Protein chains: 2
Amino acid sequence: MAIRTTENGSGRAGGGGRVTLRTIAQMTGLSLSTVSLSLRGGTTLKQETRDKVAEAAKALGYVPDRAGVRLRTGKTNVIALVLDGAEDSIDFARQMIQGIGHAIKGTRYHLTVIPEFERNISPDTVRYVLDNRTADGVIITHTAPRDRRVQMMIDADFPFVSHGRTEFFTPHPFHDFHSEVFASTAVERLASKGCKRAMLVVGDDTTTNHHNIVTAFHRATARTGLEPRIMTGMQYLPPTEMRRMAMELASEPDRPDGIICDSEMRTIALTGGLMEGGLRMGQDVHLIYKQTSGILPTLFPAVDSIREDVFAAGVELTNLLLRRIEGAEPETLQTLAEPQPQWRN
Amino acid sequence: MAIRTTENGSGRAGGGGRVTLRTIAQMTGLSLSTVSLSLRGGTTLKQETRDKVAEAAKALGYVPDRAGVRLRTGKTNVIALVLDGAEDSIDFARQMIQGIGHAIKGTRYHLTVIPEFERNISPDTVRYVLDNRTADGVIITHTAPRDRRVQMMIDADFPFVSHGRTEFFTPHPFHDFHSEVFASTAVERLASKGCKRAMLVVGDDTTTNHHNIVTAFHRATARTGLEPRIMTGMQYLPPTEMRRMAMELASEPDRPDGIICDSEMRTIALTGGLMEGGLRMGQDVHLIYKQTSGILPTLFPAVDSIREDVFAAGVELTNLLLRRIEGAEPETLQTLAEPQPQWRN
DNA sequence: TACTACAATGAAATCGTTTCAGATATTCCA
DNA sequence: TGGAATATCTGAAACGATTTCATTGTAGTA
């Protein structure tokens, strides 16, 4: 039982059965070039020939060899997802990948995933893709205001799209959750519930998202008259610590009566700590969190949330990227996702 | 600002700057073949030549072109992960991918991910990989007893490894969580807590895992004298339904006083329902769940769990697969992961 | 010196595809 | 009827790497 890599003494590629352009050429009696031209819609060919070729290709189940195409044209038909290791948004990776998968279904694109280990994003993986022409385009997430990966790809004029905005002057494709609307909607909701002191909990202060959300929070609390408070920069804080902090918070004299949290993981730690501290959710304290998975609603059916649809984000990011690869201008490839309030009480 | 795909009128690949074998050949004054031979460790070459080539390659930062290698040798240097859409194990996808990523770091392998949408696994995606020689090996998860994907790859003699065992006679590489040990350990723990009626909740009854765990559960309850009860086949049941069922369960006259659950998602639904039904976890009812993420411990620091390290599983699966690709015998590539009890009270 | 043995290197074929420059027919017009 | 203008199709040359086979050079031997 020889395995594939050694099944062929010469070390050459492919089995005898593989259908190539040559197969079709022999079958139809045409030349290689005619077949190739025909398959890619050559207009100088007789209609009869084109039908013949198309028919044969279909009958044989021809699929262009990726290596051949790639070698000749430089097109990889691959898009790369740089997957951040953050676990703030539960189920983020799975949904994002499913979304991308859904969007490339039926296209010739494959998805390669490049896991990022460092929490402090480094441009190395992107540099690798650029240097080795390993993909036709890149999707990155958790974008920073002056993200070095973005800078690098702009400089190289390489197609990419970011999940998150940046502060660069040169426009680039992005799709982002509308954090500002999230923050203001949440604050207004707290105000309508009669809250007086609002606290915003944003874990990671390195992303652009952080800046947007904080600004919008300040603006909204000023407008509604709530007393603002912010807890941030905790990307390295383990959940257990977070939980402990929440417990202590529960017994503070002027503790917040309304909390907004943009991370599911932290919401869980928060909730656990607050409840252990003796507070009743939805009575002593109101909570609104950014929801990306189905976990928290299952657990706390009565807690308000504002949803970001990560699957849809994956689909959108992919569509933007594909359009970019086909040459669309960056300015036309920038979209925001509207937060979806899920008021539950 | 032309984008990459059109930067070159001829439509040819690569910029002028790309370092190929030819670059090295010109630099060293040697021929293409000598350089190639040398780089792949040709022993018939003079040491001096070999040093010269190695030096030049390093200086130029030479990396073999994947398309070239693939076209000539048929080797893709890609491994494919067929990613099941199940969300029972929270954070499964992320950790699995991180694990694989860790294992291929430093190798020439890339990872492509093929999301699976149908909950009822179809062999189409695997067939595609096989037909189009899209990867050198495949990793599949959520394996069924007579998994058609496994059958297909065995028949095609294609390198793969499954996360989960099967019932096929022909041996194949696998790595699996030792569910039997999980079940018996959990039952024993419940017994030691004084439980009388144990319920096993396993969501998906299509996997091999299901069968293993149920068998072991029966054996262990018989051994310890616990009254067994099983809740299963709920792969299509939404969490909210599950939660409702748990709530009803709470008020049953002969309700279980010990529960074992192999899915985090269902554990959450269960816990939510039981608590809403008035039960106190760890007092009225004991719960032990299979833990794959950090979510539940954060939420319920006092609830027992038995951990499966999905990251480690990813690493192991990859190593097995790479060995298989290199020709190792399937029999030698079968491992089990020991469950890691996390007793917390 | 002539012949063999062996080490070191090079030339060429190949993988599958695309594309450009030619090569055949075929048709048109004077 | 000849030459040009059109239609269709083909040949050949890449893209980058690997591998086989041939060639060169050198040394050893009789």
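All heavy atoms count here, side chains included; hydrogens, waters and symmetry mates do not. Model, not experiment: these values are computed from the prediction. In what follows, chains are A, B, ... by sequence order, proteins preceding strands, each numbered from 1.
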Short side-chain N/O contact from B:T49 to OP1 or OP2 of C:dT9, under 4.0 Å: yes
message: Output the rounded distance in Å from CG (A:L30) to P (C:dT24).
response: 17 Å
task: For B:T34 and for A:Y62, locate the closest nucleotide of DNA chain C by heavy-atom distance; then report the residue assigned to the nucleotide nearer the 5' terminus.
output: B:T34
- line: Regarding the side chain of A:S33, the nearest nucleotide among D:dG11, C:dG16, C:dC15 is D:dG11
message: Does B:T20 contact D:dA17 through a side-chain donor or acceptor facing the base, at a distance under 3.5 Å?
response: no
task: Check B:L321 against B:G137 and note the closest heavy-atom contact, atom names and distance.
output: CD2-C, 3.8 Å
- prompt: What heavy-atom pair brings A:V63 and A:R18 nearest, and what distance separates the two atoms?
  reply: O-NH2, 3.9 Å
Among D:dT10, D:dC15, D:dA17, the one nearest B:D65 by side-chain distance: D:dA17
- prompt: What heavy-atom pair brings A:K75 and A:N77 nearest, and what distance separates the two atoms?
  reply: NZ-OD1, 3.2 Å
task: Identify which nucleotide among D:dA17, D:dT10, C:dT18 has an atom closest to any side-chain atom of A:S36, counting heavy atoms from C-beta outward.
output: C:dT18
task: Determine the contact category for B:L32: base if any of its heavy atoms lies under 4.0 Å from a base atom, sugar-phosphate if only primed atoms, P, OP1 or OP2 are that close, otherwise nothing.
output: nothing
task: With heavy atoms under 4.0 Å as the rule, sort A:R66 into base, sugar-phosphate or nothing.
output: nothing
- prompt: Parallel under 30°, tilted from 30 to 60°, perpendicular over 60°: which one fits the rings of A:H102 and B:F117?
  reply: perpendicular
query: Tell me: CG of A:L45 to C1' of D:dT10, nearest whole Å?
result: 11 Å
Where A:V113 and B:V113 come nearest, the two heavy atoms and their spacing: CG2-CG2, 3.4 Å
- prompt: Between atom CG in A:L39 and atom P in C:dG16, what is the gap in whole Å?
  reply: 15 Å
query: Which whole-number value in Å describes the distance from A:L71 CG to C:dG16 P?
result: 12 Å
task: State whether B:R22 places a side-chain N or O below 4.0 Å from either non-bridging phosphate oxygen (OP1 or OP2) of D:dC15.
output: yes
- prompt: From D:dC15, C:dC15, D:dG11, pick the nucleotide closest to the side chain of A:S31?
  reply: D:dG11
query: Out of D:dT10, D:dC15, C:dT18, which has the shortest distance to the side chain of A:T73?
result: C:dT18
- request: State which of D:dT8, D:dT18, C:dT17 makes the closest approach to the side chain of A:T44.
  value: D:dT8
field: Heavy-atom closest pair, residues B:T208 and B:A144
entry: OG1-C, 3.1 Å
message: In whole Å, I'd like the distance from the CZ atom of B:R50 to the P atom of C:dT9.
response: 11 Å
message: Rounding to an integer number of Å, can you tell me how far B:I24 CD1 sits from D:dG16 P?
response: 13 Å
task: Could you please name the option among C:dG16, D:dA17, C:dT18 that lies closest to any side-chain atom of A:R72?
output: C:dT18
- request: Quickly work out the B:L37 CG to D:dT18 P distance and round it to whole Å.
  value: 10 Å
query: Considering only side-chain heavy atoms of A:R40, which listed nucleotide, C:dT19, C:dG10, C:dT17, is closest?
result: C:dT19
field: Distance in angstrom units between A:E48 CD and D:dA7 P, rounded
entry: 17 Å
